[in-house]
Participant: 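Before we start, here is the structure in question, set down as structure tokens.
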Amino acid sequence: GSPLLRRMLWDFGLAMALGLALLTLSLYLFLGEARGVLIALATPLASLALTLVCLFVLGFSLNSSTLVGLLLACGRLVDDTILDLDAVRRQLARGRTAGESALLGCSEVRRAVVSSTLVTLLAALVLTRVGGVVQDMFEAIAWASGLALVASLTAAVTLTPVLAAWVYSRAGLLPAPGGEGLRRRYRAGLQEVLRHPGSVLGLAAAACYLSLVMLPRIGYEMMPLADTGQFIGFLEGPPGSSRDQVERLAQGVEKLLLRQPEVQDVSCEVAGTTPIGVFSGHGQMAENSATFLVTLGDDRRRRALWELADAVQSEARRQYPQLRRLT
């Protein structure tokens, strides 16, 4: 695949690995036992596998949009399981068997789990029906994240209760949950908040007003800057220069680009045009101009795309002061 796609797949795998590591640590700190952690790790992996199967069946590929959708949903995949485990543990603490605890605990939170998933799913599906450029850009993201939510709900309804009943039936007494100090501090803070409802509501209203005031100052753009691994260059020689002179300038800049360790390939076109451009006037280039398409190597390079382009531009202007323009 292209360097950009390989980089995206690498970043996705790295994000998944880091997310699982942090998830394992946080779950162990709060649950205080390895059994619940194993259950909570198994369900998001199963949800992700089911999501990939659904993407394949629906004809989607692993591209920038679907990978972004999966990354957005990763944090949500384990939420349903955490709610189920907390409810199961409460039932176990009351002396019920593992099977009874799995049945009663998961049933206890099922309405909240289903409703929260459906609300998030409906918000994502709106992007698949808005039409225009917005739908073209975000439809695959919405489908990937929406399918991941459905897969997470499916795992929470089926896999989590089975694993909880099986794992906790083969264990001894349930250890005390972790994070007790954090819960005590939260209860104390919550009591303080409930004693001052007016202040809390006032702060919430002030935050809403401040966000509305700052919204015009944030700025707008179509897409954020991204190091895609390719960039385009445009060269223009001095007025009246011949095609041979421009070719020599273009060859010099091309050699300069190829000397950069990050550059993998350079494609250069001197005074080129398209057949349509001959008749329409669009896409035509002057005789004293040339364009470059520069492809960089893999993403483990020392300089970003913009640093490399700026460095080459400065060096080319120093070596070829007769250049009228180089962008």
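Keep in mind the model is a prediction, meaning the values are calculated, not measured.
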Participant: How far apart are the closest heavy atoms of Ile39 and Ala164, and which atoms are they?
Facilitator: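 Answer, listing the atom of Ile39 first, then Ala164: CD1-CA, 3.8 Å.
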Participant: Ser289 and Val246: which non-hydrogen atoms are nearest, and at how many Å?
Facilitator: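 For Ser289 and Val246, the tightest heavy-atom pair comes out as O-CG1, 3.8 Å.
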Participant: Under a 3.5 Å distance rule, please check whether Ser145 uses its side chain to pair with a backbone N or O of Ala142 as donor and acceptor.
Facilitator: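 Pair found, side chain donor or acceptor close to backbone of Ala142.
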Participant: Going by salt bridge (Lys or Arg N to Asp or Glu O under 4.0 Å), name the residues that satisfy it together with Arg325, two or more places apart in sequence or in a different chain.
Facilitator: Glu236
Participant: Any donor-acceptor pair under 3.5 Å linking the side chain of Ser152 with the backbone of Ala148?
Facilitator: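 It does not hold such a pair.
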Participant: Closer than 3.5 angstrom, by distance alone: can the side chain of Gln91 be matched with the main-chain N or O of Val88 as a donor-acceptor pair?
Facilitator: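 Not at all, since once roles are kept as given, no pair shorter than 3.5 Å links the two residues.
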Participant: Tell me if a side-chain donor or acceptor on Asn288 pairs with a main-chain N or O of Ser241 at a distance below 3.5 Å.
Facilitator: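 No: the side chain of Asn288 does not pair with the backbone of Ser241.
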Participant: Could you check whether any side-chain N or O of Thr66 sits under 3.5 Å from a backbone N or O of Ser61, counting only pairs where one atom can act as donor and the other as acceptor?
Facilitator: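 Side chain of Thr66 to backbone of Ser61, a donor-acceptor pair under 3.5 Å: yes, one is there.
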Participant: Under the side chain to side chain donor-acceptor pair (under 3.5 Å) rule, what do Thr295 and Gln230 come out as? Steps first, then yes or no, please.
Facilitator: CA-CA 5 Å; Thr295 301; Gln230 282 188 325; 3.0 Å; yes
Participant: Applying the side chain to side chain contact (heavy atoms under 4.5 Å, CB included) test to Gln260, which of Val294, Val266, Leu308, Leu296 qualifies?
Facilitator: Leu308
Participant: Which residue pairs pass the salt bridge (Lys or Arg N to Asp or Glu O under 4.0 Å) test with at least one member in residues 101-121, sequence neighbours excluded?
Facilitator: Asp84-Arg110, Arg90-Glu108
Participant: Which residues satisfy the salt bridge (Lys or Arg N to Asp or Glu O under 4.0 Å) test with Arg303, sequence neighbours excluded?
Facilitator: Glu262
Participant: Taking only residues two or more places apart in sequence, or in another chain, which ones meet Glu247 in a salt bridge (Lys or Arg N to Asp or Glu O under 4.0 Å)?
Facilitator: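 Partners of Glu247 under the salt bridge (Lys or Arg N to Asp or Glu O under 4.0 Å) test: Arg243.
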Participant: Verify the neighbour count for atom CG of Leu293: are there more than 12 heavy atoms of other residues, nucleotides or ligands below 6.0 Å?
Facilitator: yes
Participant: Who passes salt bridge (Lys or Arg N to Asp or Glu O under 4.0 Å) against Glu100, sequence neighbours left out?
Facilitator: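 Partners of Glu100 under the salt bridge (Lys or Arg N to Asp or Glu O under 4.0 Å) test: none.
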Participant: Can you sort out the partners of Arg217 under side chain to side chain contact (heavy atoms under 4.5 Å, CB included), two or more places apart, ordered by chain and number?
Facilitator: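 For Arg217, no residue satisfies side chain to side chain contact (heavy atoms under 4.5 Å, CB included) once neighbours in sequence are set aside.
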